[in-house]
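Working notes, beginning with the structure itself.
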Amino acid sequence: MTMTATILDGTETARELAERTARRVKSLSDRTGQTPCLATVLVGEDPASVTYVRMKRRRCEAVGMRSIKVELPDTTTTKQLVDQITTLSNDDSVDGILLQHPVPKQIDERAAFEAIAPQKDVDGVTLHSFGATSLGLAGSGYGSCTPAGIMHLLKAYDVTIAGAHALVIGRSPILGKPMAMMLLAADATVTIAHSKTQGLGELAKQADILVAAVGRPRFVPGEWVKHGAVVIDAGYNPGNVGDVDFESAIEHASMITPVPGGVGPMTIATLIDQTAIAAARRRGIDPDG
Ligand code: NAP
């Protein structure tokens, strides 16, 4: 039986989240006289990364937040990058730090991430943030933005997570792993699949919530989607193609994210909102107050 799936509209949900962020920023600026500020760090000139950083800076402006940019050549060493990020970590006028990744191969990305002060890790990339996510410690650390944005989207559409069987395909440090931890913290029964997983199609058919975070175009065919499942496509491949075969998956799903217009806008909106939250916390103010 064919379902009429609800499209999970990330563009609209991100717009609503940005409105909340703008209110946070205004309230903070009025109360403290200081405008929250995101520092973006870009190493090299990868065209996709240049575009992402520009989009993030524009979103800052749209909610009334400041941003400063640091641009480094693609010959930058780990030490030079760590020193630069440490300077931002110690700069009292900076509330959040985004290191655009991937970074050039000669750089130790983990070392660079760990130079971000935990209270400024608004992209949720440090060991501290992952630990806080894994232990379910809201209020300490920040969620990795893509999975945190997905959780926001699921909640916005009243998806029942507790007791659901969630399958996360992918286990990267910024996406699959924190996604699995967040779903677990929300009481889902979680399965994590990766490149060595056997019988993936059969596992997928048992999933009430299926998150594809693989990086392979149309990797998940519609026949893998359980009748009535909620399908989240975190993939973003060249040509605006996701990791799910949307046309066939929509025949089986009850809810599904489009690509583009699903997970992508939520990621950026979450980054900007977490920067406003970080600014409030650093000033000892309740971000929701
Ligand atoms: P990644 O670091 O390359 O990780 C991909 C994961 O997929 C790995 O865990 C890998 O397993 C797994 N995988 C690869 N082939 C597989 C297979 N045949 N069967 C099962 N699992 C397989 O990628 P990522 O950074 O997590 O990104 C994933 C996708 O999300 C990409 O399309 C990326 O563009 C997109 N993305 C979107 C946003 C956004 O804002 N919309 C943000 C970040 C990423 P192993 O661990 O075994 O290698």
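Every number for a ligand or one of its atoms is a count from 1 in the order of the listing. Quantities reported herein were computed from a predicted structural model and do not represent experimental measurements.
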Numbered atoms of ligand 1 (with element) below 4.0 Å of Thr267, judged on heavy atoms
39 (C), 40 (O)

Among all protein heavy atoms, pick the one closest to atom 21 (N) of ligand 1 and tell me residue, atom and distance.
His194 C, 3.1 Å

Between Gln106 and Thr78, the two heavy atoms sitting closest are O-OG1, 3.7 Å

Which residue and non-hydrogen atom of the protein lie closest to atom 17 (C) of ligand 1, and at what distance in Å?
Phe219 CZ, 3.6 Å

Numbered atoms and elements of ligand 1 in range of Gly235, under 4.0 angstrom, heavy atoms:
29 (C), 30 (O), 32 (O), 35 (C)

For atom 43 (C) of ligand 1, which of Ile150, Leu175, Val259 has the closest heavy atom?
Leu175

With respect to Lys196, determine whether any N or O atom, backbone or side chain, lies less than 3.5 Å from an N or O atom of ligand 1.
no

A student checking ligand 1 against Asn237 at a 4.0 Å heavy-atom cut-off should list atoms 32 (O)

Check whether more than 12 heavy atoms from other residues, nucleotides or ligands sit under 6.0 Å from atom CZ of Arg20, and answer yes or no.
yes

Just one of Gln100, His101, Gln274, Lys56 clears the side chain to side chain contact (heavy atoms under 4.5 Å, CB included) bar with Asp123, so which one?
His101

Above 12 or not: heavy atoms from other molecules or residues under 6.0 Å from CG of Asp92?
no

Evaluate Asp208 against Val230 for side chain to side chain contact (heavy atoms under 4.5 Å, CB included), listing each step before the verdict.
CA-CA 6 Å; Asp208 305 307; Val230 175; over 6 Å; no

Name the residue from Ile150, Leu153, Leu8 that meets the side chain to side chain contact (heavy atoms under 4.5 Å, CB included) definition with Met266.
Leu153

Hey, is Gly176 one of the residues with a heavy atom under 4.0 angstrom from ligand 1?
no

In this structure, atom 34 (O) of ligand 1 is nearest to the protein heavy atom Tyr236 O, 3.1 Å

Tell me which protein heavy atom sits closest to atom 13 (N) of ligand 1, plus the residue, atom name and distance to 0.1 Å.
Val214 CG1, 3.6 Å

Considering only protein heavy atoms, which is closest to atom 48 (O) of ligand 1, and at what distance to one decimal place?
Ser195 OG, 3.7 Å

Can you list the atoms of ligand 1 that are under 4.0 Å from a heavy atom of Ala213?
5 (C), 6 (C), 7 (O), 28 (C)

Ser27-Asp30 side chain donor-acceptor pair, cut-off 3.5 Å:
no

Compare every heavy atom of Asp243 with every heavy atom of Asp233, then report the nearest pair and how far apart it is.
OD1-N, 2.8 Å

With atom 25 (O) of ligand 1 as the reference point, say which of Thr257, Val241, Ile174 has the nearest heavy atom.
Ile174

Numbered in order shown, the ligand 1 atoms found under 4.0 Å of a heavy atom of Gly264 are 41 (N)

In ligand 1, which numbered atoms sit nearer than 4.0 Å to a non-hydrogen atom of Gly170?
6 (C), 7 (O), 9 (O)

For Gly215, the ligand 1 atoms with a heavy-atom partner under 4.0 Å come out as 28 (C), 29 (C), 31 (C), 32 (O)

Using a 4.0 Å cut-off to any heavy atom of Arg216, which atoms of ligand 1 qualify?
15 (N)

Give the residue and atom name of whichever protein heavy atom lies nearest to atom 38 (C) of ligand 1, and the separation in Å to one decimal.
Thr146 OG1, 3.9 Å

For atom 2 (O) of ligand 1, the closest protein heavy atom turns out to be Ser172 CB, 3.3 Å

Note: Ala5 and Ile256 closest approach over all heavy atoms is CB-CG2, 4.3 Å

In a check of side chain to side chain contact (heavy atoms under 4.5 Å, CB included) between Ile169 and each of Val211, Val220, Val244, which one passes?
Val220

Hey, could you give me each pair passing ring pair (Phe, Tyr, Trp, His ring centres under 6.0 Å) that has a residue in residues 134-182? Not counting sequence neighbours.
none

Backbone or side chain, does any N or O of Ala234 fall under 3.5 Å from an N or O of ligand 1?
yes

Walk me through it: do Arg66 and Thr35 pass the test side chain to side chain donor-acceptor pair (under 3.5 Å)?
CA-CA 6 Å; Arg66 279 196 322 121; Thr35 307; 5.6 Å; no

Around Gln198, counting heavy atoms of other residues, nucleotides and ligands shown, do more than 12 lie under 6.0 Å from its CD?
no

Measuring from non-hydrogen atoms of Thr197 to any atom of ligand 1, is the shortest distance under 4.0 Å?
no

Could you tell me the residue and atom name of the protein heavy atom closest to atom 46 (O) of ligand 1, and the distance to it rounded to 0.1 Å?
Arg171 NE, 2.7 Å

